[in-house]
Amino acid sequence: MTKKWFTETVASTVSNLGTSTENGLSSEEVKKRQEQFGSNELQEQAGKTALELLAHQFKNPLIFILGIGAIVSFFTGHLIDAVAIGVIIVINVLIAFWQEFKAQKGMEALRDMAAPMAQVRRNGEWVDIPAREIVPGDVLKISTGDILAADVRIIEANRLSIDEAALTGESEPVDKTSDALEDGHIGLGDQKNMGFMTTMVTSGTGLGIVVGTGMQTEVGHIADMMANTEETKTPMQERMDLIAKSLMVVALGVVAVVCVIGLYHGMPWLEILNTGISLSVAAIPEGLPTVVTIVLTMGSTRMVKSNALAKQLAAIETLGSTTVICSDKTGTLTQNQMQVMKAYDASGRNWEVSGKGFSPEGEFKPLAHGTDVKDSPEMMKGLVVATLCNDSEYIQDGDKSSVRGNPTEGALIVAAAKAGLQQAEMLSTGGYSIVEKFPFDSARKMASVIVRDPQGKHFLAIKGAPDVVLRNASGFMVNGDVVAYQPATSEGNLAVAANPAEEMVANYEAAIQDFAEQALRTLAVGFRELSEDDLKRDHTELEQDVTILGLYGIMDPPRPEVRAAVDSCYDAGVRTVMITGDHALTAAAIARDIGIIRSEEDLVVTGSQLDDMDDEELRRICPNVAVFARVTPEHKLRIVQAQQYNNEVAAMTGDGVNDAPALRRADIGVAMGITGTSVAKDSGDLILLDDNFSTIVKAVRQGRQIFDNLRKFIRQALTANVGEVSVILFAFLFMGPEVALPLTPLMILWINLVSDGLPALALGVDPEEKDLMERKPRKRNESFFSDHLGTRIVIRGLAQGGMSFLAFNWAMNAGLSANYAQTMAFAMLVFCQLWHIFDSRTFSTLFRKNPFTNKSLLGAVALSASLSLGVIYTGVGQFIFSTEGLSASHLITVFLAASLPTLVLSGLKEVTKIKFV
């Protein structure tokens, strides 16, 4: 929708679209427009086929190197090596393929939200047609319960309200009008003469002229943004890519060195290739992709128990890197349940209403006075009025309470229940009955009903905007008596008071101002006693000379646990930013209450202000903005992109269609599982099963722990790889190319996948570090090797490789067989890694970590040692791996000597505090 139809009058809209409100479009004109504008459907871009996704997996450098190794092994006669490497390739490729195959289906969800049928005027008659056949210029009939089939300019509105929450973020249904709007720079939420595709009509009827169809609608605009929004790689994916490329360079470099040395010594090409295969297998941690997936899966399982479901495994770790959380307000930070928070009665008393949600439990707490609510005639009478002048229904099913109808009206019913007034009982057995209703409309800004009370008398119960009720009132109820504040225009039982007018009105207006400053939505209630003659009069006459009973301050309050969750984020260095379609005043009040706004320097920026900013200006102010209010889907996308441009790792929460592009663009999109639309869920990476912001904080903690455990695993795995490469290079350099290699490719695979892989898996369930949520977030470009981890890997790996070489060299010099010497080297490296695993599980030293806090690790170490001894001492193991059984003395010597690299280097670090050893 490029034209600003909301600024056009009904007449100009009809003229510009070449249509007629009485006759609609002719059949001939419809055919022309269908050819011009196409079908009223959202267009979906074709994705990658399964075969293309599968082929994409082979671009991984690790897979590429292993593939070359498998091919060379096959053609040089090492069939067992070739098969083993091939199996590893297949497992890793299939795991990666399955993750990518679970493609996003946001566009399909958008299409499913569209209305299937619509009623339009064609050739002067109303006809039901498939919604896809609608064209611009069609006159569309709008009724309660309809899902709008296109974008329309409303030309007739009869108490018409439309729920646009999923599209605009507006928490309340929007009352619609047909009047043209003067301001051409307002957002969707303020375009009150427009209706938008996929939104639902909650009440009333109307007519609209179709101004946009298919991809030219606001939802189509969102669909186009989704299709063209680049899905960024998660920080972990970027780090894993860096590791893969680094390992490829290292592997190729080592193989090149071996080739040069081999050619210098005149080695046959076949032997050079055999050595190259061993080194390439040694340099690549074959189990890395599989173990990473398993560790993330274990983390995902734990997160589900905390009500967070990860759709993308890589997103779990990303949460641990998050530096800014862009959070929606309604339903995430708040309870998504409108409640009466404060009340004011006409006697000048203020009340605070306790209790949570739709539960009748709670009470009216007096503020600065000790009156019980049941001793306040005006408050109790006001609650009777609020309950009876109400179209919502209070439902209690066992222990569960809910409200059906308008959320604001529902809040009044729940408040009355807290004071002991039940709507159903009042109308069934309480003696009250509704005689006639005069529904709310935007012109008079009030609603009223004629009520017959238990004594058979009639009164008018009225609620509405406080200023309008005051304008129509002639008095206040004070301590049970009606007190006039201006000359009454009709007779009534008016008690005499000494000039109470100024004080009553001043107190009433002060209460309105106080509620407004707290961002409370305010409703006033009043009544008027009616005579038999009054029952025959028009409601516009009856709604005069009203007696004011009080005010109610209503809002969707913060979730009780959110304040602590925001504080936890703040302590962890994670900034929380509210991004909402709601009004700035409401959003700012909530933000101050829960700690998002912490100082005067924290800014509140509106969508209209964003429209006046270029991207550079937005990036500049982003670090200081705490609240973005009244924003559109495009604004949300720009905000997320600006955060990422500032090198932030941005998480975005949302539940509506309007959130989908930003959810897709964010480093991690967090969708609401209860209130979230299917579009939001399909666009997000993580789904909150309880729609609770505090669950995000739990997930951040889990993400940080997973990152820690992945670093521990990578340290363990790559240390083994350095040890394997170095023992082969040491033998090649110091013993000459004519000597057998210390390790065969199958031995290397066994160490990487079994003897080292099993214990490393147990690191995935290692308890969290004590300072986990006290650290600042990691930078986006921070690698797995930060804080000297890379140096420690190289030093420990060289030490282990050196010990394995010494064992191999000793056995060869002692005249033992080559197979026995290889077994010595193999056993030394296995036990070096098993000792090293206890040091890998801490970022300090093993002397500061209780080895019994991870019983899974102890079990994995015992299993790994047993299986590796089986390779050495069983006939099957000796046949496959060409090993020989070691003597008891040699086995004990190897086991004890293998502890030296870990114990000596850890002791050195403990004493000297040098971080890189």
Side-chain angles (χ1 to χ4, degrees), residues 334-335 337-387 408 410-421 463-467 469-470 473 475-483 485 497 500-527 547-560 562-563 585-586 588-595 597:
T334 63
Q335 298 176 29
Q337 297 175 353
M338 300 296 287
Q339 298 176 45
V340 174
M341 306 299 294
K342 299 286 181 68
Y344 169 86
D345 66 29
S347 293
R349 292 184 286 256
N350 286 285
W351 308 78
E352 186 176 89
V353 184
S354 68
K356 180 181 178 182
F358 300 129
S359 171
E361 296 178 2
E363 61 180 348
F364 281 71
K365 295 181 179 180
L367 297 179
H369 59 89
T371 309
D372 185 272
V373 68
K374 294 183 179 179
D375 293 330
S376 170
E378 39 283 339
M379 180 55 69
M380 294 302 293
K381 178 82 171 180
L383 290 172
V384 169
V385 168
T387 304
T408 300
L412 296 176
I413 290 180
V414 174
K418 296 180 190 298
L421 298 175
K463 75 172 187 293
D467 57 327
V469 174
L470 179 64
F476 291 83
M477 176 176 274
V478 179
N479 296 321
D481 294 324
V482 177
V483 179
Y485 74 92
E502 292 183 8
E503 183 178 357
M504 286 189 299
V505 174
N507 290 343
Y508 179 83
E509 292 179 337
I512 296 174
Q513 180 64 26
D514 180 49
F515 287 2
E517 289 174 356
Q518 298 176 62
L520 298 174
R521 182 168 297 182
T522 311
L523 280 177
V525 290
F527 78 102
T547 298
I548 293 176
L549 294 165
L551 299 168
Y552 300 105
I554 303 168
M555 73 181 302
D556 176 14
R559 290 177 177 267
V562 161
R563 295 177 182 86
L585 184 63
T586 304
I590 294 288
R592 287 190 185 91
D593 188 19
I594 62 180
I597 294 180

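Keep in mind that what you see is a predicted model, and the values were worked out from it rather than measured.
With rounding to the nearest 0.5 angstrom, the CG atom of L549 is 6.0 Å from the CE atom of M477. One distance of note links OH of Y344 with OG1 of T522; it measures 13.0 Å at 0.5 Å rounding. The structure places CZ of R563 at 4.0 Å from CG of D593, a figure rounded to the nearest 0.5 Å. The OG atom of S354 sits 10.0 Å away from the CD atom of E361 when rounded to the nearest 0.5 Å. Taking CG of N350 as the reference point, atom CG of N507 lies at 9.0 Å (rounded to 0.5 Å).
Side chains of F515 and M555 form no contact here, defined as non-hydrogen atoms less than 4.5 Å apart. Using a 4.5 Å cut-off on side-chain heavy atoms (C-beta onward), T371 and W351 make contact. Contact annotation: the side chain of L470 approaches that of E509 to within less than 4.5 Å [non-hydrogen atoms, C-beta and beyond]. Using a 4.5 Å heavy-atom cutoff, the side chains of D345 and F476 are not in contact.
A side chain to side chain contact (heavy atoms under 4.5 Å, CB included) with V340 is found for exactly one of I413, L520, T408, V353, namely V353. Under the side chain to side chain contact (heavy atoms under 4.5 Å, CB included) rule, E378 has a single partner from D481, L383, N479, which is N479. Screening M341, E363, K342 for a side chain to side chain contact (heavy atoms under 4.5 Å, CB included) involving E352 leaves a single residue, K342.
Smallest separation of non-hydrogen atoms from Q335 and P558: NE2-O, 3.1 Å. Minimum interatomic distance between V373 and M380 (heavy atoms only, all atoms of both residues): O-CG, 3.4 Å. The two residues G355 and K418 make their nearest non-hydrogen contact at CA-NZ, 3.9 Å. Here the closest heavy-atom approach between residue T586 and residue A519 is recorded as CA-CB, 3.5 Å. What you find for Y552 and G382 is that their closest heavy atoms are OH-C, 3.1 Å. Of all heavy-atom pairs spanning P466 and L551, the tightest one is CB-CD2, 3.9 Å.
For D556 (side chain) and M338 (main-chain N/O), no donor-acceptor pair under 3.5 Å exists by modelled atom type.
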Problem set entry | side-chain contact (heavy atoms from CB on, under 4.5 Å) evaluation trace for D467 with I512 | CA-CA 9 Å; D467 57 327; I512 296 174; 5.9 Å; no
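A donor-acceptor pair shorter than 3.5 Å can be found between the side chains of Q513 and E517.
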